[in-house]
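Letters A, B, ... are given to chains in the order of the sequence lines, protein chains preceding strands, and every chain is numbered from 1.
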Number of protein chains: 2
Amino acid sequence: MARLADVSASTASRALNPAHSHPVNPATRKRVLEATSKLNYQPNLMARGLRSRRLPTISVIVHDITDAYFAEIVRGAADEANRNSFLTFVCSSRRDPAVELRYVEMLRLSGVSAVLFAAGGLLDRAYQRAMKKQVEAIQEYGGSVVALAPRVERWPTEVCDNRGGAQLMTEHLLRLGHHRIAFITGPPQVRTSHEREAGYVLAMKAAGHDPLVAPGDFTEPGGEQATARLLDSRAGFTALFISNDTMALGALSELRKRKVEVPRDLSLGVFGDIPAWGYTTPRLTAIRIGLAEIGVAGVRRALAILQGQDSSPRVRVHPVSLVERDSTAPLRRTAAALA
Amino acid sequence: MARLADVSASTASRALNPAHSHPVNPATRKRVLEATSKLNYQPNLMARGLRSRRLPTISVIVHDITDAYFAEIVRGAADEANRNSFLTFVCSSRRDPAVELRYVEMLRLSGVSAVLFAAGGLLDRAYQRAMKKQVEAIQEYGGSVVALAPRVERWPTEVCDNRGGAQLMTEHLLRLGHHRIAFITGPPQVRTSHEREAGYVLAMKAAGHDPLVAPGDFTEPGGEQATARLLDSRAGFTALFISNDTMALGALSELRKRKVEVPRDLSLGVFGDIPAWGYTTPRLTAIRIGLAEIGVAGVRRALAILQGQDSSPRVRVHPVSLVERDSTAPLRRTAAALA
DNA sequence: GATCCGAGGGAAACCGATTTCCGGAAAACG
DNA sequence: CGTTTTCCGGAAATCGGTTTCCCTCGGATC
């Protein structure tokens, strides 16, 4: 035991963890601290974890780490975790419930202190039940759970203003004179889809226009297909609002393939701003989400819960903003080529 | 002890870890396995780690997880780790040596089994010394270290063919009739820079042309500045080869700002293929690196070392390929507008 | 002066698995 | 039949901290 170096044995632990009630003589404490720095002593985290049931690690569960959306969340979370001497696991689940459950089980076994779910939970009943069980086991040993997107479970949540953001974009397009605005929504199992769709519908109805919602699934091929079907339907829209970045990539391919020129033939808005939007042609108008901040907030929240001092409301909504670029233009300049 | 459920005590450990030499009666072993599955027994990883000095975790150290290049490596590594029941730490170091050292120290304290360095080491002496010490400490407890890019240290390495890829792109441009090809290189502290530059220079000299190398630093603003300086220099080049994806993003901004049209005014090639290149205008010709495969190979190598059965050569070079898109065109169609 | 109380420190239990060490029983051998 | 292996299982040590339990000592109280 490295600590024998100075004098005491278990007293060292008390000196180094002043959180507990047992008093330690300041002089003794000083000696201990000197010894630790002299010996460059560092506690064995696994030994500590064996007693305390958890390790100073957090985890972020995302669908796909190569998706710029999730990567930014992970960066924010990992940075904040690092600042608090926590390490960060990253779990890329590919939207596979089985993989996700397996991840969470491994996390539990490894004594993770907090799990951040960066994507909406699936509405699947079996998944929900199994996940609830895992999460309860984690909470049993003192771990905390935070959602970074709306989920069905009643977890503490850090989320961006999906409804407000969708309203913002819709109103922007309306203000440009568009009133036939199509919307590609997300998968129905995910709350985010409904929230964004609701914002869009709300803004449309408030302006006295009929919403035109096309089903989508938040994936790139899904966005491609949804765009194709919309164009084929000849529904006669002059603006297209796509409810996430990944689908927008697919839409861009499809529009390029069909030689639909943006914004001349069609104004295009996206929920979710990723760096790539600054390099596409045209550069895309998008709803900017402070993803890194959400990641940071998630870790802060998780750590606060760990210390039993979280006073935030259960759901905290982070504001979003409209980033206007070149893909949205006034209706007069938009040929109704698709009517 | 959950295992008391059937009969034995420490025998269970032997039954569950047949790797060791102590024999176990097959019948007993069967009873133990039945009990474990009945009780849904799962070993406490921290207790196990306390003895074995390490946890079934790996870590990937990258400069920036939001960079598509690194994200793809991490995805490959995390998937492969998951398949082997290992969890994956991700460390986004922002190219800060202090952050990186701190990460590695935390990893060591947490008993990480393997560390994968996804970026070239800095040539800084103090950094090198400190890192060497950390890594030796990790190896002392049986952890392994793998480099996923050329580094100065003599670690097992999985790397893409930097020199060959640079030759490939250069030869592609030469074949199109270009001979005044500029090259934006990377920071001199990084081996990758030198390797790619060497490939470019080799191909140019082999063709009897003078290389034109502009300094860069692998960052986006760096790419912007390097491009600007090249254009200002009126060096009269008709093609530009940028040695990594991030700088290419900066270059795109600069070219767009100056209304240099690609490939009409300038052919553009990039080392490093990222999804965004399919959505830019024009779509960029790039050297494709199998980054996910490199991540997978890194984990495989690390696990093999852990089990003392790594028979690979120290440095394994992964092939790259040329993805031809719209940003490179024959010289005849390229106005020497920049001459 | 006896009792009580709190400060402060040490010994030992504990977390849960792995790994010696050891011993009994069966098998192999002379 | 005695002796030496071999097989197999249990008791106990170990990993390195944290926490409980207990003890001592000095000061305060009655």
Side-chain angles (χ1 to χ4, degrees), chain A residues 1-33 35-36 39-57 85 106 108-113 137 140-143 306-307, chain B residues 1-36 39-57 85 106 108-113 137-138 140-143 306-307:
Chain A
M1 218 177 282
R3 56 184 49 157
L4 275 185
D6 59 316
V7 277
S8 43
S10 60
T11 306
S13 175
R14 295 192 267 251
L16 297 174
N17 306 30
H20 305 298
S21 54
H22 199 100
V24 176
N25 188 311
T28 310
R29 181 153 192 280
K30 185 156 164 291
R31 282 216 318 282
V32 172
L33 292 179
T36 59
L39 296 174
N40 199 13
Y41 166 82
Q42 280 159 321
N44 181 311
L45 294 182
M46 285 171 287
R48 179 179 291 179
L50 181 55
R51 279 238 89 189
S52 67
R53 326 283 305 167
R54 51 199 156 92
L55 252 27
T57 58
S85 297
M106 284 169 59
R108 170 173 65 79
L109 293 174
S110 84
V112 74
S113 287
E140 209 163 293
Y141 68 62
L306 286 177
Q307 294 161 11
Chain B
M1 223 177 281
R3 55 184 51 156
L4 275 185
D6 58 318
V7 277
S8 44
S10 60
T11 307
S13 176
R14 295 191 266 249
L16 297 174
N17 306 29
H20 304 300
S21 55
H22 197 99
V24 176
N25 189 309
T28 310
R29 181 152 192 278
K30 187 156 162 290
R31 282 216 317 283
V32 172
L33 291 179
E34 274 169 7
T36 58
L39 296 174
N40 200 12
Y41 166 80
Q42 281 158 320
N44 182 311
L45 294 181
M46 285 170 289
R48 179 177 290 180
L50 180 55
R51 283 238 86 191
S52 67
R53 327 282 305 165
R54 53 198 153 94
L55 253 26
T57 58
S85 297
M106 284 169 59
R108 170 172 66 77
L109 293 175
S110 82
V112 77
S113 288
I138 287 175
E140 210 164 294
Y141 68 63
L306 287 177
Q307 293 162 11

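- At the heavy-atom level, B/Ser52 lies nowhere under 4.0 Å from the strands shown.
- Nearest nucleotide to the B/Asn25 side chain, out of D/dC8, D/dG16, C/dA17: D/dC8.
- For the pair A/Met46 CE and D/dT14 C1', the computed distance is 14 Å after rounding to whole Å.
- With D/dC8, D/dG9, C/dG10 as the choices, the nucleotide that has an atom nearest any side-chain atom of B/Thr11 turns out to be D/dG9.
- Here the side chains of B/Leu55 and A/Leu55 are in contact, with some heavy-atom distance below 4.5 Å.
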Inset, instruction - Show your working on side chain to side chain contact (heavy atoms under 4.5 Å, CB included) between A/Leu33 and A/Tyr41 and close with a plain yes or no. - result: CA-CA 9 Å; A/Leu33 292 179; A/Tyr41 166 82; over 6 Å; no
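- Put simply, the side chain of A/Val32 does not reach to within 4.5 Å of the side chain of A/Thr11, judged on heavy atoms.
- You'll find that the side chain of B/Arg48 is closest to C/dT18, out of C/dT18, D/dG17, C/dG8.
- Atoms CZ (B/Arg53) and C1' (D/dG17) sit 12 Å apart, rounded to a whole Å.
- For the pair B/Leu50 CG and D/dA13 C1', the interatomic distance rounds to 13 Å; values are reported in whole Å.
- Across D/dC8, C/dG8, D/dG17, the shortest atom-to-atom separation from the side chain of A/Asn44 is found for D/dG17.
- Looking only at side-chain heavy atoms (C-beta outward), B/Pro18 and B/Val24 stay at 4.5 Å or farther from each other.
- One can place CG of B/Leu109 at 13 Å from C1' of D/dG16, the figure rounded to the nearest angstrom.
- Both A/Thr28 and B/Ala47 sit near DNA chain C, but only A/Thr28 has its closest nucleotide nearer the 5' end.
- In this entry the distance linking CG of A/Asn17 with P of D/dG16 reads 17 Å, nearest Å.
- A donor-acceptor pair under 3.5 Å is formed between the side chain of A/Tyr141 and the backbone N or O of A/Val112.
- Taking atom CZ of B/Arg29 as the reference point, atom C1' of D/dG9 lies 16 Å away to the nearest angstrom.
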Between the protein and nucleotides 11-13 of chain C, are there any N/O to N/O pairs under 3.5 Å, and if so, what are the atom names and distances?
residue : atom : partner : partner atom : Å
C/dA11  : N6   : A/Ser10 : OG           : 3.1

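- Remark: P of C/dC15 and CG of A/Leu55 are 18 Å apart, rounded to the nearest angstrom.
- Of the candidates C/dA7, D/dG17, D/dG16, D/dG17 carries the atom nearest the A/Pro43 side chain, counting heavy atoms from C-beta on.
- With rounding to whole Å, B/Leu16 atom CG is found 12 Å from C/dT19 atom P.
- OP1 or OP2 of C/dG16 has not a single side-chain nitrogen or oxygen of B/Tyr41 nearer than 4.0 Å.
- Stacking between B/His22 and the base of D/dC8 is present: ring centres sit under 5.5 Å apart and the planes differ by under 30 degrees.
- More than 12 heavy-atom neighbours from other residues, nucleotides or ligands sit within 6.0 angstrom of CD on A/Gln307.
- In this structure, B/Met46 CE and A/Leu109 CG are separated by 9.0 Å, a value rounded to the nearest 0.5 Å.
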